[in-house]
Undergrad: 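Below is the structure I would like to discuss, written out as structure tokens.
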Amino acid sequence: NGLIIALDPDIPERLQRVRISASDGDDRLRLKLNGAQLGSAAASILWRPIRGSHQLELQDPEGKVLDRVLFTVR
């Protein structure tokens, strides 16, 4: 929580990615970023970072938030 990700000015932004994954790898759990579904917590997701503040959530099959982290991309 509170992570700051800095885009590398020497790499084109369209080529930069951040790996998002959950340590519990349960395919019934879902990852949501800023309210949008990213996919199964069992998969590793390569997300194209967007400048700003973000909220990543881990949710159970009923949509209950099990964990939440806030981070910033600069």
Side-chain angles (χ1 to χ4, degrees):
N1 203 24
L3 174 71
I4 296 175
I5 298 170
L7 295 175
D8 187 330
D10 294 329
I11 300 173
E13 285 188 24
R14 64 183 168 75
L15 298 178
Q16 296 187 53
R17 297 289 185 269
V18 173
R19 183 177 307 278
I20 297 176
S21 62
S23 61
D24 184 354
D26 185 331
D27 64 354
R28 295 172 297 160
L29 302 180
R30 308 312 262 166
L31 291 168
K32 284 182 89 171
L33 181 64
N34 302 326
Q37 290 287 340
L38 282 181
S40 169
S44 225
I45 298 160
L46 291 177
W47 174 69
R48 182 176 166 214
I50 299 168
R51 294 179 196 277
S53 298
H54 302 281
Q55 178 175 283
L56 178 65
E57 293 180 341
L58 178 66
Q59 296 183 347
D60 71 8
E62 289 77 37
K64 179 182 174 191
V65 176
L66 303 175
D67 199 2
R68 176 182 293 126
V69 294
L70 304 174
F71 66 96
T72 303
V73 176
R74 293 188 181 160

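Side chains are part of it too, since the values below use all heavy atoms of this structure and drop only hydrogens, waters and symmetry mates.
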Undergrad: Between V65 and L33, is there a shared hydrophobic cluster once you connect ILVMFWY residues whose side-chain heavy atoms come closer than 4.5 Å?
TA: no
Undergrad: Roughly how far, to the nearest 0.5 Å, is the CG atom of N34 from the CD1 atom of I50?
TA: 8.0 Å
Undergrad: Enter the distance from Q59:CD to R30:CZ here, rounded to the nearest 0.5 Å.
TA: 10.0 Å
Undergrad: When rounded to the nearest 0.5 angstrom, what is the spacing between NE2 in H54 and OG1 in T72?
TA: 7.5 Å
Undergrad: Just verifying a value: how many Å separate R48 CZ and R14 CZ, rounded to the nearest 0.5 Å?
TA: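 Rounded to the nearest 0.5 Å, the CZ-CZ separation comes out at 9.0 Å.
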Undergrad: Within a strict 4.5 Å, meaning less than it, do heavy atoms of the P61 and L29 side chains meet?
TA: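 Side chain of P61 against side chain of L29, heavy atoms only: contact under 4.5 Å found.
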Undergrad: How far apart are the closest heavy atoms of D27 and S40, and which atoms are they?
TA: CA-OG, 3.4 Å
Undergrad: Drop me the distance from D60's CG to D26's CG, to the nearest 0.5 angstrom.
TA: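 Atom-to-atom, D60:CG and D26:CG are 10.0 Å apart.
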Undergrad: Crowded around R17 CZ? As in, over 12 foreign heavy atoms under 6.0 Å?
TA: yes
Undergrad: Out of curiosity, K64 NZ to E57 CD, how far, rounded to the nearest 0.5 Å?
TA: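 It is 13.0 Å, given to the nearest 0.5 Å.
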Undergrad: Taking the side chain as C-beta and beyond, is there a heavy-atom pair between L31 and W47 under 4.5 Å?
TA: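 The answer is no, as the side chains (C-beta and beyond) never meet within the 4.5 Å cut-off.
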Undergrad: Could you give the side-chain donor-acceptor pairs of residues 1-12 under 3.5 Å, partners two or more places apart or in another chain?
TA:
from	atom 1	to	atom 2	distance (Å)
N1	OD1	L70	N	2.6
D8	OD1	D10	N	2.8

